[in-house]
Amino acid sequence: MPITEGNKIYYDWYDYNYDIINVRDFEFDHVVGIYRGSLPMAVHISNVFKVPMSIVGFQTRDGKDTEPYMIHKAGEAPEKVLVVDDIYDSGYTMKKVIESLSRLSVYDIQGFCLFGKENKLNISYANEHDGSWIVFPWETLNEPV
């Protein structure tokens, strides 16, 4: 269970390992991580499930990207893609990335986020996101007491 301290939620490795098990429920032959927040997840999933990983650049909160762009494309055209992200908030990022991948002739695309909310894109998520700031384990060396 993530620890809430002030207005932040501290999500630790134990919580991550518990939640990432949900990925077993998806059928995919490729994982796509969205630069930056989801790259730790994408690398982990790529290694555990032995599938290629691609990286899409698209930062709307910390950057000024207007459209997603491919940073690294691994291997042949995939048939079933799992797009991962740390947080599904407004849905804008995931929607734009899925549209971008569709233009590359990828049509079987699923999404999974660690934190999210009910959405029209059918993006799955492990935890309900209430808008709080979340500190992920890969963002810090210290765990709260």
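Owing to the predicted nature of the structure, the values given are computational and were not obtained by experimental measurement.
Taking the salt bridge (charged side-chain N to carboxylate O under 4.0 Å, His left out) definition, one finds that R103 meets it with E67, sequence neighbours left out. Under the side chain to side chain contact (heavy atoms under 4.5 Å, CB included) criterion, D130 pairs with I9, S132, sequence neighbours left out. Shown here are the salt bridge (charged side-chain N to carboxylate O under 4.0 Å, His left out) partners of K95, two or more places apart in sequence or in another chain: E99. Under the side chain to side chain contact (heavy atoms under 4.5 Å, CB included) criterion, Y18 pairs with no residue at all, not counting sequence neighbours. Partners of H44 under the side-chain hydrogen bond (donor to acceptor under 3.5 Å, both in side chains) rule, at least two apart in sequence or in another chain, are Y16. By the side chain to side chain contact (heavy atoms under 4.5 Å, CB included) test, V51 is found to be paired with F28, V31, F49, residues two or more places apart in sequence or in another chain being considered. Checked against side chain to side chain contact (heavy atoms under 4.5 Å, CB included), N119 has the following partners two or more places apart in sequence or in another chain: Y88, L121, I123, Y125. Every salt bridge (charged side-chain N to carboxylate O under 4.0 Å, His left out) that E27 has, sequence neighbours left out, goes to K80.
Counting heavy atoms from C-beta on, the side chains of H129 and C113 never come closer than 4.5 Å. Using a 4.5 Å cut-off on side-chain heavy atoms (C-beta onward), I134 and D86 make no contact.
Here S38 contributes atom OG and F136 contributes atom CZ; the two are 10.0 Å apart, rounded to the nearest 0.5 Å.
Counting only residues at least two apart or on different chains, the salt bridge (charged side-chain N to carboxylate O under 4.0 Å, His left out) pairs with a member in residues 111-124 are D89-K117.
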